[in-house]
Amino acid sequence: MSDAAALPGQPRGVVVSGPATARAVNVLAPNPSAMTLDGTNTWLLSEPGSELAVVVDPGPLDESHLGRVIETAEKLGKRIALTLLTHGHPDHAEGAGRFAELTGTAVRALDPALRLGDEGLGAGDVVSVGGLELRVVPTPGHTSDSLSFHLPADRAVLSGDTVLGRGTTFVAHPDGRLGDYLDSLRRLHSLTVDDGVHTVLPGHGPVLEDAQGVLEFYLAHRASRLAQVEAAVVSGHRTAAEVVAHVYADVDRSLWPAAELSVRAQLEYLRERGLI
Ligand SMILES: [Zn+2]
């Protein structure tokens, strides 16, 4: 949810379809909203010189958008060979079945219910297509099935909804858990420190060029929200809805339902640790 004015390394301007790194092209889905920002970023990835491409998150079931993804690949002289999902939320995954039909590709995801084909996807997997290498990084927390994809050749990470290009994201309690989410942010932060990742290719919003700064901002933001929630409970706000009205007073009301899920996740986290 967009409760931060600007993120470190965030470029100005609107999100548009087009190349983001040497290997990644964004095809922006036409589903903008308070929750999805400019719309879902559908990522088309390919090794330069290779005719094969991978698509991450075909997006909503929107025939014109799915067609545009295929057209974009064709214009670049590429054939889509595989579809991957960062997680199962409909704004990322709803179009996957139809997209697989149109392209004849398998769909790989952590959640077996989202897969089409024989191959799963999980921790430690390396996906290689036409010389392109993607390392699977489990990043549960936004949802339990959230994955990120490390693209070492571009020193980039595709973060799905774990890190957004604008504002911050939410923890979809009870499926998403705050402890997992904090571990995932630390895992992504270590990619920036140990593996030189500097670019975040998010599921929504603009590309970020200071990945380390962004992850430090996200960790600090979560710590400060958690302290605010703890203080709200101590001062007598008992229900999740009361805590939201108190702590998220600065956030647009259309985001309060998502904020309430995050608050429930924070209350669970504090209770499990005996802090409230
Ligand atoms: Zn999501």
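Just so you know, ligand 1 is whichever comes first in the structure, and atom 1 is the first atom listed for that ligand. Note that the structure is a prediction, hence the values are computed from the model and not measured.
With L134 as the fixed residue, the side chain to side chain contact (heavy atoms under 4.5 Å, CB included) test singles out one of V136, L132, V137: L132.
Excluding waters, the set of protein N, O or S atoms lying under 2.8 Å from the Zn ion (ligand 1) comprises H87 NE2, H89 ND1, H142 NE2, D161 OD2.
Remark: D161 CG to S148 OG distance equals 10.0 Å, nearest 0.5 Å.
F170 and H142 have their aromatic ring centers within a separation under 6.0 angstrom.
Ring pair H246/H237 is parallel by interplanar angle, where below 30° counts as parallel and above 60° as perpendicular.
In this structure, R225 is positioned above the aromatic face of Y248, its NZ or CZ under 6.0 Å from the six-membered ring centre and within 45° of the axis.
Side chains of D57 and T42: a donor-acceptor N/O pair is absent below 3.5 angstrom, by distance only.
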